[in-house]
Trainee: 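I'd like to ask some things about the structure below.
Heavy-atom basis, side chains included; hydrogens, waters and symmetry copies ignored. To find a chain, count down the sequence lines: A is the first, B the second, and so on, and within it residues start at 1.
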There are 2 protein chains.
Amino acid sequence: MEKNTRSRKARIQKTNGTATVAAFKNSSNSAEGQIAANAQTPLEMRFIEAQTNLGASRQRLLRQILAEPHETFFLSSREMARRYGVDSATIVRTVQAMGYQKFADFAHDLRNHFVTQITPYTAMKAATQKNRSVADYIHQSIDQDLENLNALKTSLDVNKVVELVKQIHQTRRIVVVGIDFAASLAMSLAYGLVRLGCDAEAPTGSTGVVQNKVRIMTKKDLLVVISFGQGLRETVEAAQRARRRNVPTFGITDGDKTPIARFCDHYITASIARTSFIDSYVASVAAINAILVACAHTQPKRALELLAQTEREYSSGARWYQGEDSDQKTR
Amino acid sequence: MEKNTRSRKARIQKTNGTATVAAFKNSSNSAEGQIAANAQTPLEMRFIEAQTNLGASRQRLLRQILAEPHETFFLSSREMARRYGVDSATIVRTVQAMGYQKFADFAHDLRNHFVTQITPYTAMKAATQKNRSVADYIHQSIDQDLENLNALKTSLDVNKVVELVKQIHQTRRIVVVGIDFAASLAMSLAYGLVRLGCDAEAPTGSTGVVQNKVRIMTKKDLLVVISFGQGLRETVEAAQRARRRNVPTFGITDGDKTPIARFCDHYITASIARTSFIDSYVASVAAINAILVACAHTQPKRALELLAQTEREYSSGARWYQGEDSDQKTR
DNA sequence: AATTTCCTGCAATGATTGTTGCATTTTTGT
DNA sequence: ACAAAAATGCAACAATCATTGCAGGAAATT
């Protein structure tokens, strides 16, 4: 009996020690606001639903579990209890209070919750730190892209995008400002908006061009500025100037404390974190893509017409390559 | 006793039915070559290591388990046995033959193996197919981006990138051609190459400009063309013209049968698959980013020098915004 | 301050788990 | 074709699992 208990302890300790899926990045943002803000998994939905019926300690317990699913998704009720310093009965009764009949049902949802949170990069991070060949750097670069993109997925405030799109459809003209690397982002956003029937442009060229474009904007227009980190002076000043003249501004940047975030009426963030010297603009592109998709689907009929029209013009003219069989339609 | 057995069966069936992490995409490529080719997880390593000591049926069994970890990683030995129509003892002895002392150790490695294979999108795919609000489309757009990016991760031929980078460093001048949406891609690639000290440019403007640029290229130059699907005529013709004149060509496209893929000396593919009307260029951006990273790391010293130099010029001039505390260094 | 309500830990329950000996079948080597 | 070797299924084992009544304690309500 006594030996029995001891061996059980030993096994559980060993399990806790080795079965963890390697050193994960502990997200610094508070899990509370994150979960409350936008519930995406069935588990989170059930959690905020039953939140009122749950005591404070049970909420704290669940929050801990949901915040680090990568360390909890494979644990048994006993192991989970030991991990958070409670009895296994407490675990079972807590998940029952959430509405689950059996712990297995909760475990199932927890697995799915884990899957939505995890990215391959996060898992490989600790494992593959060799960095010896160029090939490793390439892999690492894509992994970083995946990580940034996944961060965008979980942190992107969809409402902000929807609001932006409403604004876009109401506004008269849209000017997108981006310099250097951000120039290609500005270009693609403006191009996409034009194809969707908006009067948008991304001025390129000398400093004066941008300044003049902004100068003739009014309240009825919209200025979109794209810059990251400390921000390029010209881009930030364009935002400031626009704001002074009551021109609506929307920013795309990579943090809440960047100049762009502070000086724009609204903004969204997309990480450009890099492993190598080169910034990763993948998440930014995804954000821009999301904006365009949202634009298209708020007026789907009009968007389809416009796109079909462009399609027709293209194929009637000689814009497509017509080598032999031309049955494809994508570009 | 009899009732006991029945209830166990019922439970296991229920578990197999509901605990699965939703309908996953079944990759059509044979698991054998995939695992044998490049073992990445400890589990795969142990598998190919003990492969000679394993019988045929046990190999087949393991291959099935490793090929669909998303459906096996949470199963017990008995459930796993039932899933593949064998006895639980067979499962245990098979994993023991691989070198694992306990089934729990194997389960641990299987979880990690699963994590490296899974992507968030793949998991959510079946779960969220509602598509009612604009917010859903936004989420779906990002999920599609993730899927495309993950496809790039698994399918990107790193050697091709390395070869391209070698060529880039040897060549005299690089011209990147991309039209419409691809223009922003071409722009960012050219810009990144310039920052790394290459003589690169992405000609914009009328048709004539591109044609003239290509006309003055020689064997010592490199033409990079970017176009997807059927391909824009102008881009394809640029590749054809260059090839006729023995100018090395490298393509970025989205399939092995596109004109770009057929007419270029070498090429890489990046999916632009879309859920909505708008093509997703995220994977392409990631591919370009990978090229730039590889470029930087084949000559890391030189790249660092160049980037530091640009940094210095930028901060000495008034390119950065200097609102108050300027301790940040990213852009 | 008193009482009700809620929550937690302990202990016990039956079900399920991983594991191994034994007889049988399948595969392998000659 | 035959013998040796390996693998498999069955049955049983102890250990661990999830689950629940019970009693004590914490928090909230009156």
Trainee: Separation of B:Lys102 atom NZ from D:dA15 atom P, in whole Å?
Mentor: 11 Å

Trainee: Expressed in angstrom and rounded to an integer, what is the separation of A:Ile91 atom CD1 from D:dT16 atom P?
Mentor: 19 Å

Trainee: Applying side-chain contact (heavy atoms from CB on, under 4.5 Å), name anything that partners A:Thr253, two or more places apart in sequence or on another chain.
Mentor: A:Thr258, A:Ile260, A:Ala261, A:Tyr267, A:Thr269

Trainee: With sequence neighbours excluded, what pairs up with B:Val92 under the side-chain contact (heavy atoms from CB on, under 4.5 Å) test?
Mentor: B:Ser77, B:Gln96

Trainee: If I take atom CE in residue A:Met80 and atom C1' in nucleotide D:dT16, what distance separates them, rounded to the nearest angstrom?
Mentor: 16 Å

Trainee: Rounded off to whole Å, could you give me the CZ-to-C1' distance for the A:Arg58 and C:dT8 pair?
Mentor: 9 Å

Trainee: Calculate the interatomic distance between B:Arg78 atom CZ and D:dC10 atom C1'; express it in whole Å.
Mentor: 11 Å

Trainee: C:dT16 P sits how many Å from B:Leu75 CG, rounded?
Mentor: 16 Å

Trainee: Return the angle between end axes of the helix from C:dA1-D:dT30 to C:dT30-D:dA1, with five pairs used per end and rounding to 10°.
Mentor: 50°

Trainee: I'd like to check the salt bridge (charged side-chain N to carboxylate O under 4.0 Å, His left out) partners of A:Asp265; sequence neighbours left out, ordered by chain and number.
Mentor: A:Arg243

Trainee: Quick one: which residue pairs count as a ring pair (Phe, Tyr, Trp, His ring centres under 6.0 Å) with a foot in residues 79-100 of chain B, not counting sequence neighbours?
Mentor: B:Tyr100-B:Phe106

Trainee: Could I get the full list of side chain to side chain donor-acceptor pair (under 3.5 Å) partners for A:Ser271, not counting sequence neighbours?
Mentor: A:Asn148

Trainee: Can you name the residues that form a side chain to side chain donor-acceptor pair (under 3.5 Å) with A:Thr298, not counting sequence neighbours?
Mentor: A:His169

Trainee: Go through the structure and list residues passing salt bridge (charged side-chain N to carboxylate O under 4.0 Å, His left out) with B:Lys160, not counting sequence neighbours.
Mentor: none

Trainee: Going 5' to 3' through nucleotides 20-30 of chain C, assign each nucleotide B (protein heavy atom under 4.0 Å from a base atom), S (under 4.0 Å only from sugar-phosphate atoms) or - (no protein heavy atom that close).
Mentor: BBB--------

Trainee: In this structure, how many angstroms lie between the C1' atom of D:dT16 and the CZ atom of A:Phe103, rounded?
Mentor: 13 Å

Trainee: Below 4.0 angstrom from OP1 or OP2 of C:dT17, is there any side-chain N or O of B:Ser77?
Mentor: no

Trainee: Sequence neighbours left out, what passes side-chain contact (heavy atoms from CB on, under 4.5 Å) with B:Val86? Give chain and number order.
Mentor: B:Ala81, B:Thr90, B:Ile91

Trainee: Looking at residues at least two apart in the chain, or sitting in another chain, which of them share a side-chain contact (heavy atoms from CB on, under 4.5 Å) with A:Asn159?
Mentor: A:Asp157

Trainee: Strictly under 4.0 angstrom, non-hydrogen atoms only: write out the protein contact profile of nucleotides 24-30 of chain D, one letter per nucleotide from the 5' end, B, S or -.
Mentor: -------

Trainee: Taking atom P of C:dG18 as reference, at what distance in whole Å does atom OH of B:Tyr100 sit?
Mentor: 16 Å

Trainee: Just by distance, no angles: are the side chains of B:Gln64 and B:Arg60 close enough, under 3.5 Å, to form a donor-acceptor pair?
Mentor: no

Trainee: So, B:Glu68 and B:Arg83, do they make that salt bridge, N to O below 4.0 Å?
Mentor: yes

